[in-house]
Engineer: 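Dropping a structure here in structure tokens format, bear with me for questions.
None of the values given here were measured: they were computed from a predicted structure. Both counts, for ligands and for their atoms, begin at 1 and track the order of listing.
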Amino acid sequence: MTASGTGRDLAQLPKAHLHLHFTGSMRPATLWELAAERGIRLPRSLTDDIALQVEPTHRGWFRFQRQYDTARAVVDSEQAMRRILREAVEDDAAEGSGRLELQVDPTSYAPFVGGLTPALEIVLDEAASAGREFGVSVGIVVAASRTRHPMDARTLARLAARHAGAVIGFGLSNDERRGLTEEFAPAFRIARDAGLASVPHGGELLGPDHVREVVDHLAPDRLGHGVRAAEDPALLERIVEAGIGLEVCPASNASLGVVGTAEQVPLRPLVEAGAQVALGADDPLLFSSRLLDQYGTARRMGFDDAELAELAASSIRISSAPDEIAERLLAGVRAWLAAPPPANEGHVGS
Ligand SMILES: [Zn+2]
């Protein structure tokens, strides 16, 4: 059986996963177990396995953030951090991801493990060993938060720069409506000077004007989301010409009210304009939808196997994977498409 009923098995399609947050990657069962061990009571919305649904308002975002903070409260030890990372890599491998670029803001875990540097080093160490174990190339993105002072972002950028190599990018996450984008430019300059990719969020809760600000000030290699660029053809053209990749997360956009349903994400117009897209899950813990589900959504939107293969290839091309890994994964994409589709196409229930 394939992910959404028909066509080739999407789990076998090699792909790169470029938009996944550390805590948000947690398996629900792991959250429940860690919370029980700690005597932490979880709100029903975190125990029912149903995707969070909020309106695209401050209150909606606040609700999302509160859930995220509740989940983060169980991550209070090196052991918990290692488990979450290892399971994220294991789950990605099961869905055909050969390259995972995982975002982490070490700030919240630092107090439990002796500081920012040990927090990041735990992540890097486990990423390397889990990557080897499950056959996934893993790169870490250090992400600053828009809700904190830009000085904190600079501290994180320096930390990321010192670990360049295992750390492959620098991001900026949290409520897009908070903070002044230009004030984060110095942090991104530090990261870029160290050879890190610039991968801030932008164009999710706010529209084209804000995407333009992010492009002007943070010189992104990729935009987290960026889907709102579809509303402005001139901006989209600029993004395509600059080769800025878009990390498109349909389930996330639907859960946070950016679009009505995942299938309404403007994936088709973005791709037709020539944008390089990587589908991502963002926070599967809260959106009850993993990487493979995003490809299933694209299939339901009418993307055929050749187009799905091109989406996967595009995710690999805009990743920071070392050349030999990217080439191997791209060869796998070609092989996936060259294999005959299953004979029972169109007759498989989901
Ligand atoms: Zn995100």
Engineer: Is Cys249 close enough to the Zn ion (ligand 1) that one of its N, O or S atoms comes in under 2.8 Å?
Structural biologist: no

Engineer: With rounding to 10 degrees, what does the angle His21:NE2 / the Zn ion (ligand 1) / His19:NE2 come to?
Structural biologist: 100°

Engineer: Inspect the surroundings of CZ in Arg41 and state if more than 12 heavy atoms from other residues, nucleotides or ligands are less than 6.0 Å away.
Structural biologist: no

Engineer: Would you call Arg212-Asp209 a salt bridge at under 4.0 Å N-O?
Structural biologist: yes

Engineer: Nearest to the Zn ion (ligand 1), which N, O or S atom of His201 do we find?
Structural biologist: NE2

Engineer: Would you kindly say whether Thr30 and Glu87 are connected by a side-chain donor-acceptor distance under 3.5 Å?
Structural biologist: yes

Engineer: Under the salt bridge (charged side-chain N to carboxylate O under 4.0 Å, His left out) criterion, do Arg268 and Glu263 qualify, and how do the steps go?
Structural biologist: CA-CA 10 Å; Arg268 176 73 67 187; Glu263 289 77 10; over 6 Å; no

Engineer: Looking at the Zn ion (ligand 1), which N/O/S atom of Asp282 is the nearest one?
Structural biologist: OD1

